[in-house]
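Each chain gets a letter, A, B and so on, in the order its sequence line appears, and its residues count up from 1. Keep in mind that what you see is a predicted model, and the values were worked out from it rather than measured.
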Amino acid sequence: MAITEENPGYKWVGTRPIRPDGVEKVTGKARFGADLTLPGMLFGKVVRSPHAHARIVSIDTSAAESMEGVKAVITGADFPDLAANGAHPSEIDVANNAIARDKVLYEGHVVAAVAAITREQAEAAAKAVAVTYEALPHVLTVDEAMADDAPLLHEAMITKGVDPAPEEPSNIASKILHERGDLDQGFGEADEVVEREFTTKPVHQGYIEPHAAVADANSDGRAHIWCSSQGHFQMRAYTATVLGVSPGTLKVTAAEIGGGFGGKTVIYLEPLAVRLSQRAGRPVKLVMDRDEVFRATGPTSGTRIKVKMGVSKDGKITAAEVWMAYEAGAYAGSPVGAAGMTAIACYDIPNFVVEGYDVVCNKPRVAAYRAPGAPMAAFAVESVLDELARTIEMDPIDIRLTNAAVEGTQASYGPKFPRIGFVETLEAIKEHPNYTAELGPNQGRGVAAGFWFNAGMMSSATVHVNENGTATVVTGSPDIGGSRQSMALMAAEELGIPYESIKPIVADTETVGFNDVTGGSRVTLATGAAVVDACRLIVEDLRGRAAKTWDVEVDQVEWVDGQAQHVDGSQPPLSLNDLAAKSGRTGGPISANASLNSRGVGAGFSTQLCDVEVDPETGVTRVVRYLSAQDAGRAISPDYVEGQMQGGVVQGIGWALNEEYIHDTEGVMENPSFLDYRMPVASDLPMIDCAIVEVPNPAHPYGVRGVGEVGIVPPMAAVGNAIRDAVDVRMTELPMSPIKVLEALNENDG
Amino acid sequence: MAQVHFSAGLRELTGGAAQIEVDASTVRGLIKALDEMFPGIAARLSEASSVAIDGEIFTDAEYESVSENAEVHFLDIFQGG
Amino acid sequence: MPRTHITTVINGDETEFLTEDSTSLLNALRDEVGLTGAKEGCGTGDCGACSILVDDRVNCSCLMFAPEADGTAIVTVEGLADSGELHPLQQCFLEGAALQCGICTPGFLMAAKALLDKNPDPTETEIRYALAGNLCRCTGYDKIIRAVQEAAREMRGQ
Ligand code: FES
Ligand code: FES
């Protein structure tokens, strides 16, 4: 079902052809991060800290260096001291996270790396690197880290965003605050007030492909890196920073990427691989094991969130008070800022205070994960809203409709919303048969909504027309979920030639202009806009060439259905094919570049409907029916829009019911495997129904908003609200595992 | 005059003011004018914030033009996934 | 270290390679034979990205030692298409957009082939349980299940 404001009559946009890179991916030919082998290539292995917090007293590499097959061993001392070079604090954090210098801040923190001829030799050498640590007391949660006498990760960390600035250092990196109206007055006007406190655990992005990088360094100081990342230009910049070299000395080729969800926007292995390759004089491949992926990459924050909201009898939210603390892991930078901006952004609330804290602790540094920061806040706010709706006996969609942000609403984070499609997603749920489907015993139904900004940022594209009238579309945005198809569909639409005549490719850092990361749901929006711009330049060029051929003014030439036509029909049309074949006569090869810093980002909203069945004996919750309605703006490639929606929902279901980082008291992760960190499998789930809502983004040539992220915002609350509906318990802790549901059921009985 | 709004977290820089009227035609000019009123605010604003002009969010807004009566918001920076 | 000489049939061709005894079959296929279609997602038998057929049974190649392959017949994703013509499962995965990043796809294709070879007309639940050893983080499984249903229909000639 699609709700479309107008029928634009596109020929290619909105269709479902086979993706351009599909055959290579179903035949095993596509080359992912770990698939490359170079002549003479060595295997690397990383040495990691077993301690959550410790001073590095000494590292003895001599035994490892003398082992058979070992060609290089490196430690933090092999990298420049960025602090001494006056680098920006955030760059110093990137470097120290890539390889520890004086202190390790989490279990899994890199302390050294080796390269050897075989995998086995590298593994043996890594074990032979002798590191002496002086263990330090650690903190694992926001509560521990914020305690008065907490041991400090960074002795000089002074909380930002507090006036006057605190004199004493702490583990609180920063405070954020948003407020409007008068809270007391707002709660005074409320007929009902609900207050709850929530906790969530760190969860991992869970991409199936572990991080991998191959580096081949030359003696002239240049190096070529192949890696699986969401943005090879960003990898180049970060790697250059850590190595202390100019980005121009590094060439980065994007391998096919086996999932990222935000977690591959940061570097881990790349600078290590380059340094090992430089030391060894041979190419080096580094690939993480799954337990390294869990212990040292990702995850997103564990949180504690308090929400108090008041509502009048007619369903109007009068006030909201939100307090939240987000784990950043070892270095400042949790997504609490975005959490603060998104927490209540779906609604028009006159009086609120949203306060948040970015808190460091001895866990891996958090990385972006789909709509970073928003899902946990939504879990809390949407759960409380559900309770309010129950208290005043109002339909959960209606209470959201009553308060929904619309065009012109002053968003809780500041500016007024332009045209948005939140109301349309609510209506799409209400009109769907799932909303009224019959529920069985122990089954319940939950609704929740979510908001995400989406991002624009910088993109470049080049379009070449080949001599046979086909076109190559070159971008620098790694294709993580079918974006080559969107690029090809938009190019086909613009040039008026068949989709199959377009070959979209992802080029390396030396072959195409700069592109920001594939993240923030931005590729179809921003890189897509660059492709559209480049195609429009091509069409201008082609009209000029036709005019030249016919000896007429260019305004006499129109571009229709892939051919130049004279406005009065006095000339036989010239197809792209004709013009391309004779391009030598009309000015040479036909190609165009476009680069932009995207404007016109379109906010994304999603509303979701979840039916669960809870087994009162075991506490096991099973999702039996699920519907996601999301405003895509325009679904260029509906197959992959649905794919993003379904994937986001299922990650959210995992977050809701199973997934969590478990650490022992020493700060060692106890479940760094897919066996013990349990992500949803096919047999856990029903089909995920999708309602694509299309309220075009007025600022994009095709109305695109971006679809990759907002889908993960509502599921935790949708599941929690469904459990509440099924068995009358309000779950306030994630994951809502069987044992916790049972405990809650027992408490209810008792 | 552009209406410039500050999130609560940025108000420590403006002596608590949530909204200020500034006469400027670009974001750069606007920040410069603000820095004259609140010395030191420019560094913090250009490093730590995105800017929304009439509802549209920019990450690098320095040279964006600001129309008469525009509504400008300085926002905390956020990252996508 | 002495290496063991292994003789197998891989994707229909007799293939020989040398390996250390402790090397996984997955690493031997990828590093020694040069077939990188099977992927390592975990190395512990929990994700199915490394699934291959060994004597017609689906196996996690990360859990097998390379020497165990001696004398067996192996099919990897590279051997699924018949001299360039895609297997119906491959075709249906493409048409049904059953892959996003595609890293899990080789494993799903092999596990699905093993299922359909045994059970040409599985129910949705049977498909979901047969593929429960394969993790996909991108798709939410919906389109994968539908693609397998469609391939089963086609292979039954419906
Ligand atoms: S790599 Fe073999 S099951 Fe995951
Ligand atoms: S398509 Fe990415 S893991 Fe399945």
Donor + acceptor pair across side chains of [X], [Y] (<3.5 Å):
X        : Y        : value
A/Asp291 : A/Ser673 : no
C/Glu16  : C/His5   : yes
A/Tyr207 : A/Thr297 : yes
A/Glu642 : A/Ser628 : no

By a 4.5 Å heavy-atom criterion (distance strictly below it), what part of [X] contacts chain A: side chain, backbone, both, or neither?
X        : answer
C/Thr139 : backbone
C/Leu86  : side chain
C/Leu109 : side chain

Do you know which of [options] has the most heavy-atom pairs with chain A at a distance under 4.5 angstrom?
options                              : value
C/Val77, C/Thr76, C/Thr23            : C/Val77
C/Thr105, C/Leu94, C/Leu89           : C/Leu94
C/Gln91, C/Glu78, C/Lys143, C/Glu124 : C/Lys143
C/Gly37, C/Ala38, C/Gly140           : C/Gly140
C/Cys42, C/Gly79, C/Ala49            : C/Cys42
C/Gly96, C/Cys104, C/Gly102          : C/Gly102

Heavy-atom pairs under 4.5 Å with chain C - which of [options] has more of them than the others?
options                              : value
A/Val649, A/Thr27, A/Val650          : A/Thr27
A/Gln205, A/Arg16, A/Glu24, A/Met645 : A/Gln205
A/Glu256, A/Glu659, A/Gln485         : A/Glu659
A/Gly643, A/Gly22, A/Gly648          : A/Gly643
A/Thr118, A/Asp684, A/Val681         : A/Val681

Exercise for the section: Look at the rings of A/Tyr677 and A/Phe294 and say which category their plane angle falls in: under 30° parallel, 30 to 60° tilted, over 60° perpendicular. Expected result: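 A/Tyr677 and A/Phe294: tilted rings.
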
Exercise for the section: Show the numbers, then the answer: is there a side-chain hydrogen bond (donor to acceptor under 3.5 Å, both in side chains) between A/Glu709 and A/Ser521? Expected result: CA-CA 6 Å; A/Glu709 294 172 284; A/Ser521 309; 2.8 Å; yes

Exercise for the section: May I ask you to decide whether A/Glu123 forms a salt bridge with A/Arg119, counting only side-chain N to carboxylate O separations under 4.0 Å? Expected result: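 Salt bridge flag = no for A/Arg119 with A/Glu123.
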
Practice task
Write out all pairs satisfying salt bridge (Lys or Arg N to Asp or Glu O under 4.0 Å) with one or both partners inside residues 44-67 of chain C, taking only residues at least two apart or from two chains.
Solution key: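 Sorted pair list comes back empty.
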
